[in-house]
Student: 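Before we start, here is the structure in question, set down as C-alpha cells.
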Amino acid sequence: MASFREFSRTESWGSEAWKALCKVRETTPLVQCITNFISMHIMANSLLADGASPAMVHAVEEILEFTLLSSGLCINIGTLSPDWIFSMKAAAIRANECQKPWVLDPVGVGATRFTTEKCIELINLKPCVIRWNVSEIMAVVGASIAPTKPLPRVAQL
C-alpha cells in the first residue's frame, strides 16, 4: 500500500483506497471507541460497514484490559465527565504503550475552557491522527476569541 505522500501524487488514489478498505475487511480490526452518546451508533455502524469490529468500551474498570485487546482506539470528546476523561487518558496511554494507533476527535473544543483544557491534555498524549475542522484547530492554538461552532461538511456556492 502506498504512503500518504505517494498516494497524493498518483492518479490511482481510488485503487489505493480500495486496497486499504480490502485490508480492513480482511483483518476485521477490533476498534475501541470512547465516543459521545450522539455519535456512538454512527461510529459503530460506520466501522461495521468498513469491515471493522467496533466496541464502545469506556468503563474505567475495563480500559487497561480492553485497550490491550483492541487493534486501535478512537476518542471523541463530545461527552466529557471525570470518569470518561480518566478512561480516555488511560486508554490513550495504554494504546501508546502497546504501539496501537489512536485517533482523537476534538468535538466542541473551544466551546468551554474545560473542554479545551482536556483536549490539550489528550493532544499531549500524542494521537496518531487528530480529526478536526478549522475552528477546532484555531481554538486549540489560541487564535479563536469566540466559542466555536461546527463547520458545515459541504460548502454551498
Side-chain angles (χ1 to χ4, degrees), residues 1-8 13 17 20-21 23-24 27 29-48 50 52-155:
M1 191 161 45
S3 70
F4 177 74
R5 182 168 286 153
E6 294 166 336
F7 178 77
S8 63
W13 65 267
L21 180 60
K23 185 174 181 182
V24 168
T27 59
L30 176 62
V31 181
Q32 178 182 1
C33 302
I34 304 174
T35 184
N36 68 60
F37 292 118
I38 295 167
S39 67
M40 203 173 280
H41 74 282
I42 296 168
M43 176 65 78
N45 288 330
S46 297
L47 287 167
L48 286 168
D50 290 337
S53 189
M56 305 315 188
V57 177
H58 61 266
V60 173
E61 297 81 4
E62 295 182 290
I63 291 297
L64 294 180
E65 183 180 359
F66 195 86
T67 305
L68 182 62
L69 299 173
S70 70
S71 302
L73 168 68
C74 180
I75 295 175
N76 171 312
I77 68 166
T79 304
L80 289 178
S81 70
D83 285 345
W84 281 50
I85 293 165
F86 184 84
S87 293
M88 290 172 179
K89 289 180 180 179
I93 290 167
R94 183 68 156 185
N96 286 337
E97 289 172 352
C98 299
Q99 299 181 345
K100 296 184 182 201
W102 70 281
V103 176
L104 175 63
D105 187 354
V107 174
V109 68
T112 67
R113 183 176 297 152
F114 176 75
T115 300
T116 304
E117 288 171 358
K118 298 309 166 194
C119 180
I120 290 169
E121 290 173 15
L122 286 164
I123 289 170
N124 287 333
L125 296 176
K126 302 184 186 317
C128 297
V129 174
I130 302 176
R131 185 211 165 277
W132 49 9
N133 61 40
V134 174
S135 65
E136 292 164 344
I137 294 169
M138 291 172 58
V140 169
V141 298
S144 177
I145 58 171
T148 62
K149 293 187 286 186
L151 294 178
R153 295 288 181 206
V154 178

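All values derive from a computational prediction rather than experimental measurement. The first residue in the sequence is number 1, and the count goes up from there. Just so you know, these numbers use all the heavy atoms, side chains as well, and skip hydrogens, waters and symmetry mates.
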Student: State the CD-CD1 distance between E117 and I85, to the nearest 0.5 angstrom.
Tutor: 10.0 Å

Student: May I have all residue pairs that pass ring-ring contact (aromatic ring centres under 6.0 Å, His included) and include part of residues 85-118, sequence neighbours excluded?
Tutor: none

Student: Would you tabulate the side-chain donor-acceptor contacts of residues 29-40 under 3.5 Å, counting partners in other chains and residues two or more places apart, or write 'none'?
Tutor:
residue : atom : partner : partner atom : Å
Q32     : OE1  : T67     : OG1          : 2.7
Q32     : NE2  : V57     : O            : 3.3
T35     : OG1  : S39     : OG           : 2.8
N36     : OD1  : I38     : N            : 3.0
N36     : OD1  : S39     : N            : 2.8
N36     : OD1  : S39     : OG           : 3.2
N36     : ND2  : N76     : OD1          : 2.8

Student: Which pairs with one or both residues in residues 69-83 pass salt bridge (Lys or Arg N to Asp or Glu O under 4.0 Å), sequence neighbours excluded?
Tutor: none

Student: For K118, give me all partners under salt bridge (Lys or Arg N to Asp or Glu O under 4.0 Å), at least two apart in sequence or on another chain.
Tutor: E121

Student: Please report the closest heavy-atom contact between C128 and P101, naming both atoms and the distance.
Tutor: SG-CA, 3.5 Å

Student: A111 and T116: which non-hydrogen atoms are nearest, and at how many Å?
Tutor: N-OG1, 4.5 Å

Student: Of all the heavy-atom pairs spanning L73 and A92, show the shortest one and how long it is.
Tutor: CD2-N, 3.7 Å

Student: How long is the span from the CG atom in L64 to the CD1 atom in I93, to the nearest 0.5 Å?
Tutor: 9.0 Å

Student: Tell me, please, which residues at least two apart from T112 pass side chain to side chain donor-acceptor pair (under 3.5 Å).
Tutor: T115

Student: Looking only at heavy atoms, what is the nearest atom pair of C119 and I77, with distance?
Tutor: CB-CD1, 3.7 Å

Student: Got a sec, which residues hit side chain to side chain contact (heavy atoms under 4.5 Å, CB included) with C98, two or more places apart in sequence or on another chain?
Tutor: L68, R94, K100

Student: Pair I123, I130 - check side chain to side chain contact (heavy atoms under 4.5 Å, CB included), show working.
Tutor: CA-CA 8 Å; I123 289 170; I130 302 176; 4.0 Å; yes

Student: For K89 and L122, run side chain to side chain contact (heavy atoms under 4.5 Å, CB included): C-alpha distance rounded to whole Å, both residues' side-chain angles, the deciding distance at 0.1 Å, then the answer.
Tutor: CA-CA 7 Å; K89 289 180 180 179; L122 286 164; 4.0 Å; yes

Student: Return each pair, listed once, that meets ring-ring contact (aromatic ring centres under 6.0 Å, His included) where at least one residue sits in residues 63-82; pairs must be two or more places apart or across chains.
Tutor: none

Student: Once salt bridge (Lys or Arg N to Asp or Glu O under 4.0 Å) is applied, what residue pairs with a partner in residues 65-74 remain, sequence neighbours excluded?
Tutor: none

Student: Is any side-chain heavy atom of V140 less than 4.5 Å from a side-chain heavy atom of I120?
Tutor: yes

Student: Looking at CD1 of I42 and CG of L47, how far apart are the two atoms once the value is rounded to the nearest 0.5 Å?
Tutor: 12.0 Å

Student: Can you give me the closest heavy-atom contact between V60 and S87, atom names plus distance?
Tutor: CG2-OG, 3.2 Å

Student: Return the minimal non-hydrogen interatomic distance between A52 and V24, and the atom names on each side.
Tutor: N-CG1, 4.1 Å

Student: What verdict does the side chain to side chain contact (heavy atoms under 4.5 Å, CB included) test give for M88 and H58, after you've listed the backbone C-alpha separation in whole Å, the side-chain angles of each residue and the deciding distance to 0.1 Å?
Tutor: CA-CA 8 Å; M88 290 172 179; H58 61 266; over 6 Å; no

Student: Between N133 (side chain) and S135 (backbone), is there a donor-acceptor pair under 3.5 Å?
Tutor: yes

